[in-house]
Protein chains: 2
Amino acid sequence: MMLSYTEENYLKALLKLSFQNEDKPEAGTNEMAAYLGVKPATATDMLKKLKEKNLVSYQKYGKILLTDIGRKSGIAILRKHRLWETFLYEKLDFSWDEVHEVAEQLEHIQSAKLVDKLEEFLDFPEFDPHGDPIPKANGEMPVITKTLLSELKNGDVCKVAAIKDTSTLFLQYLEKLHITIGTNLSVIEVIAFDGSLNIQIEDADPRSVSMKFAESLFVQR
Amino acid sequence: MMLSYTEENYLKALLKLSFQNEDKPEAGTNEMAAYLGVKPATATDMLKKLKEKNLVSYQKYGKILLTDIGRKSGIAILRKHRLWETFLYEKLDFSWDEVHEVAEQLEHIQSAKLVDKLEEFLDFPEFDPHGDPIPKANGEMPVITKTLLSELKNGDVCKVAAIKDTSTLFLQYLEKLHITIGTNLSVIEVIAFDGSLNIQIEDADPRSVSMKFAESLFVQR
DNA sequence: AATATTTGTTAGATTACCCTAACTTTATTA
DNA sequence: TAATAAAGTTAGGGTAATCTAACAAATATT
């Protein structure tokens, strides 16, 4: 099915929201509108169109749910997005915080061959530069058990697995700390007072990070 | 200046037409509309908009001419188009006739950094897979003296420099003949009767090609 | 439970790009 | 040069995506 640039963005947004809302994969109109930076009225209009095309299922005043087709389309876009991010980061030396904006545009290029060739060119990466899993051509996604850094205890060691907060400010801060996907961390001490942590980043001198920081980083034990 | 997808296509079309019309760099409304696959009325509308933005100069019922800014913008798009074609051809194993369609989409991605990094990644190519010159970041374009194969005489030798007719059918025919940019040709005999030529392609057995063929291929002596 | 708040929808307008049909201007040719 | 043909423009309309303002439904609060 031929989707417009905008329709694709709505599907991707719904998919992303379904990831965020853990247990329940539905979203609300306002939530969706806010995510996309449009007014709720606009989202309602588009929802009707997507429903017409059988990409979402919802009743007036009810929750929005992706249909199977809608979900598949969304995953296809996410796949493109993450492959392009990987390309920009690995081949064109883009920094962590620059890849997203450009990938937002590249993800809409229509060419099945392009996506598959790109994946091959990148040697079938499993994760993008932010540590998020890249869906395969068949829609499958590698799953890893991610823990928030803030859930660890004194003495725990871990490896950075993914970034929860992908804001530019956070990404730039990580860069300054030389933290990247795969970096080894060990928790020296959790400070009960404010939830901050003393951690060691690879072999560097220990340093303190805030609770907010620890809640923005996924790690793997 | 921020240009829409469509505005960019109009500028590129005007630039391409100015190349085609050799001596005079203007175009007509119908010519332009035909090139872009829209109706003349639509082209007139867009022309008003482009004039408003100072990208073209023209008077009602007069010829259309790109302004300096319009020309520069057009060249920037052409640069992206040809760099992407080169990427697809060299890095992703796309065939000659497949690159154009995808590059038509990729050329509209907005990111100065992307273009320049891509150029670097490709090692500053001077020509695209069709042999057309790739504009530099400053707008300069390498120039080569191209001759049509049909202008050669008995015994002349040459190297394929560029493709004039970039239709899929022609590109596929070239592929079948193992002709690519840089292939050496020698003209064994020009047949006066119908303008066809007996040529030798590299070390292969001589074969005949039509006048139409010879008029679709640029060579370098 | 009645009221207030939040959430979602409808109606009507706007902008960009495209169309057809009718018209005007410019170019060609008999 | 007058008639015809070609090229270009205008007027009026359609669709996609957006908005604001007003309204309706669902949820939360006292």
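Please read all numbers here as calculations on a predicted model, not as lab measurements. A note on names: the letters A, B, ... follow the listed sequences, proteins ahead of strands, and every chain is numbered from 1. Just so it is clear, the values below take in all heavy atoms, side chains as well, and ignore hydrogens, waters and symmetry mates.
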Exercise. Thinking salt bridges, do B:Glu107 and B:Lys12 make one under a 4.0 Å N-O criterion?
Worked result: yes
Exercise. Does a side-chain N or O from A:Thr44 land closer than 4.0 Å to OP1 or OP2 of C:dT9, or not?
Worked result: yes
For this session: Whole angstrom is fine here: how far is it from CD in A:Gln59 over to C1' in C:dT9?
Result: 14 Å
Would you tabulate the pairs of protein nitrogen or oxygen atoms and nucleotide nitrogen or oxygen atoms of nucleotides 1-6 of chain D closer than 3.5 angstrom?
none

For this session: For B:Tyr5, enumerate each residue passing the ring pair (Phe, Tyr, Trp, His ring centres under 6.0 Å) test, keeping only those at least two apart in sequence or located in another chain.
Result: B:His108
Problem set entry | Nucleic acid contacts of residues 34-41 of chain B, taken as heavy-atom distances under 4.0 Å to DNA chain D | B:Pro40, B:Ala41
For this session: Ignoring backbone atoms, establish whether A:Lys48 has a side-chain N or O less than 4.0 Å from OP1 or OP2 of C:dT9.
Result: no
Show me the donor-acceptor pairs, under 3.5 Å and distance only, between side chains in residues 214-221 of chain B and residues at least two apart or in other chains.
residue, atom, partner, partner atom, Å
B:Ser216, OG, B:Lys212, O, 2.7

For this session: Look at the side-chain N and O atoms of B:Tyr10 and state whether any lies under 4.0 Å from the OP1 or OP2 oxygen of C:dC18.
Result: yes
Exercise. Which class fits the ring pair A:Phe87 and B:Phe121: parallel under 30°, tilted 30 to 60°, perpendicular over 60°?
Worked result: perpendicular
Exercise. Given D:dA16, is OP1 or OP2 found less than 4.0 Å from the side-chain N or O atoms of A:Thr6?
Worked result: no
For this session: Not counting sequence neighbours, list each pair that qualifies as a side chain to side chain donor-acceptor pair (under 3.5 Å) and has a residue in residues 51-75 of chain A.
Result: A:Glu7-A:Lys53
Exercise. Taking only residues two or more places apart in sequence, or in another chain, which ones meet B:Phe170 in a ring pair (Phe, Tyr, Trp, His ring centres under 6.0 Å)?
Worked result: B:Phe213
Problem set entry | Value in whole Å for how far the C1' atom of D:dA11 lies from CG of B:Asp45 | 10 Å
Exercise. Among C:dC18, D:dG8, D:dT18, which nucleotide sits nearest the side chain of B:Thr42?
Worked result: C:dC18
For this session: Select from A:Ser4 and A:Lys60 the residue whose nearest nucleotide in DNA chain D is closer to the 5' end of that strand.
Result: A:Ser4
For this session: Tell me whether the OP1 or OP2 atom of C:dT7 has a side-chain N or O from A:Tyr58 closer than 4.0 Å.
Result: no
For this session: Output all residues satisfying side-chain hydrogen bond (donor to acceptor under 3.5 Å, both in side chains) with A:Thr29, sequence neighbours left out; order by chain, then residue number.
Result: none
For this session: Mind checking ring pair (Phe, Tyr, Trp, His ring centres under 6.0 Å) for B:Tyr10 and listing every partner two or more places apart, or none if nothing turns up?
Result: none
For this session: Return the nearest nucleotide to the side chain of A:Tyr61; candidates are D:dA25, D:dT9, D:dT18.
Result: D:dA25
For this session: Any side chain to side chain donor-acceptor pair (under 3.5 Å) involving residues 116-133 of chain A? Give me the pairs, sequence neighbours left out, ordered by first then second residue.
Result: A:Arg79-A:Asp116, A:Arg79-A:Glu119, A:Glu85-A:His130
